[in-house]
Amino acid sequence: LDKRIQMVETFVHAKSLVRKDNDEFQKMCFQLLDQPKVDAAVQVGDVFALLIEFYYSENNHEQAYQMIEKMRQRRIVLGPYLDQQMVDTIYRHMGISLATDDDAVDEDIANMSGED
């Protein structure tokens, strides 16, 4: 229980540092992401979202994109944590086409019906 409380406190403190001490803020977030069982204390998606929003606000689209990809690698659904327009903008700046779930469903339906 103490460990979970400490992780929550770390997350809250990191949020308070976003505009005050960028280096410490990032360090704290990455430490949280590296913690085993961090999900028991804070939503990992919230930690990623905090970092992604920070990088986006700094126009650091490459770093924001890398964090989005790390979220996806952990199989975290983006929707509850990130604004879709922001994600689209990040991908556009990276020159990457963002396939939506709707596109994948449409493609699956077309494949099932024999369309190409």
Side-chain angles (χ1 to χ4, degrees):
L1 181 60
D2 288 338
K3 185 72 171 166
R4 288 193 299 206
I5 292 170
Q6 182 183 9
M7 283 188 235
V8 171
E9 288 174 347
T10 299
F11 178 70
V12 170
H13 185 61
K15 281 182 77 168
S16 73
L17 293 176
V18 171
R19 296 288 169 222
K20 297 174 188 165
D21 187 346
N22 294 342
D23 292 335
E24 185 64 19
F25 149 72
Q26 292 175 75
K27 179 182 167 189
M28 293 175 85
C29 287
F30 285 117
Q31 286 175 345
L32 278 171
L33 291 174
D34 289 339
Q35 289 289 322
K37 299 183 181 180
V38 68
D39 285 332
V42 297
Q43 295 287 323
V44 175
D46 286 331
V47 179
F48 275 111
L50 193 60
L51 284 164
I52 292 164
E53 290 168 1
F54 168 73
Y55 293 131
Y56 178 77
S57 72
E58 297 285 312
N59 288 317
N60 187 343
H61 298 107
E62 184 174 345
Q63 193 67 31
Y65 170 75
Q66 289 175 5
M67 290 292 105
I68 291 171
E69 290 305 302
K70 286 183 181 186
M71 277 183 84
R72 288 178 182 228
Q73 288 170 1
R74 289 192 182 194
R75 301 198 183 284
I76 299 170
V77 177
L78 303 181
Y81 302 102
L82 300 173
D83 176 71
Q84 186 61 47
Q85 278 187 308
M86 179 179 66
V87 174
D88 292 344
T89 300
I90 292 166
Y91 273 72
R92 191 171 50 252
H93 275 89
M94 295 301 296
I96 299 169
S97 175
L98 179 62
T100 64
D101 290 338
D102 290 341
D103 292 340
V105 169
D106 291 345
E107 186 177 304
D108 289 343
I109 292 170
N111 288 338
M112 289 172 58
S113 65
E115 296 175 21
D116 285 319

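Quick note: residue numbers are just sequence positions, from 1. What you see is a predicted model; the values in this text were computed from it and never measured.
- Across Leu50 and Lys15, no two heavy atoms sit closer than the pair CD2-CG, 3.4 Å.
- By the criterion of side-chain heavy atoms lying less than 4.5 angstrom apart, applied directly or through intervening Ile, Leu, Val, Met, Phe, Trp or Tyr residues, Met67 is not grouped with Val77; the two fall into different hydrophobic clusters.
- Ring pair Phe48/Tyr81: centre-to-centre distance not below 6.0 Å.
- For the pair Gln6 and Phe11, the minimum side-chain heavy-atom distance is 4.5 Å or more.
- Taking CG of Leu78 as the reference point, atom CZ of Arg72 lies at 4.5 Å (rounded to 0.5 Å).
- Although no hydrogens or angles enter the test, the distance criterion places no donor-acceptor pair under 3.5 Å between the side chain of Glu58 and the main chain of Phe54.
- Side-chain contact, Asp88 with Gln84: a donor N or O sits under 3.5 Å from an acceptor N or O.
- One distance of note links CZ of Arg74 with CG of Leu33; it measures 5.5 Å at 0.5 Å rounding.
- Note: Met28 CE to Asp23 CG = 13.0 Å, rounded to the nearest 0.5 Å.
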**Request:** For the pair Ile68 and Tyr91, evaluate side-chain contact (heavy atoms from CB on, under 4.5 Å) and give the outcome as yes or no after the intermediate values.
**Result:** CA-CA 10 Å; Ile68 291 171; Tyr91 273 72; 3.6 Å; yes
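- Here the straight-line distance linking atom NE2 of His93 with atom CD of Glu62 works out to 13.0 Å at 0.5 Å rounding.
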**Prompt:** Would Gln43 and Ile76 satisfy side-chain contact (heavy atoms from CB on, under 4.5 Å), going step by step from the backbone distance to the final call?
**Reply:** CA-CA 10 Å; Gln43 295 287 323; Ile76 299 170; over 6 Å; no
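- The nearest pair of heavy atoms linking Leu82 to Ile52 is CD1-CD1, 3.8 Å.
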**Asked** Do His61 and Arg92 pass the side-chain contact (heavy atoms from CB on, under 4.5 Å) test, and can you show the C-alpha distance, the side-chain angles, and the key distance before you say yes or no?
**Response** CA-CA 9 Å; His61 298 107; Arg92 191 171 50 252; over 6 Å; no
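- A pairwise comparison of heavy atoms in Tyr56 and Ala64 identifies N-CB, 4.3 Å as the closest pair.
- In this structure, CG on Asn60 lies 8.0 Å from CD on Gln66, to the nearest 0.5 angstrom.
- Taking every heavy atom of both residues into account, Met7 and Pro36 meet most closely at CE-O, 4.2 Å.
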**Asked** Would Ser57 and Arg19 satisfy side-chain contact (heavy atoms from CB on, under 4.5 Å), going step by step from the backbone distance to the final call?
**Response** CA-CA 11 Å; Ser57 72; Arg19 296 288 169 222; 2.7 Å; yes
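- Applying the ring-ring contact (aromatic ring centres under 6.0 Å, His included) test to His13 and every residue at least two apart in sequence or in another chain returns nothing.
- Atom CD1 of residue Ile5 and atom OG1 of residue Thr10 lie 11.5 Å apart, to the nearest 0.5 angstrom.
- Looking only at side-chain heavy atoms (C-beta outward), Leu51 and Phe30 come within less than 4.5 Å of each other.
- A search for salt bridge (charged side-chain N to carboxylate O under 4.0 Å, His left out) contacts involving Glu24 returns nothing, not counting sequence neighbours.
- Between Glu69 and Arg75 no salt bridge is recorded (no basic side-chain N to carboxylate O distance below 4.0 Å).
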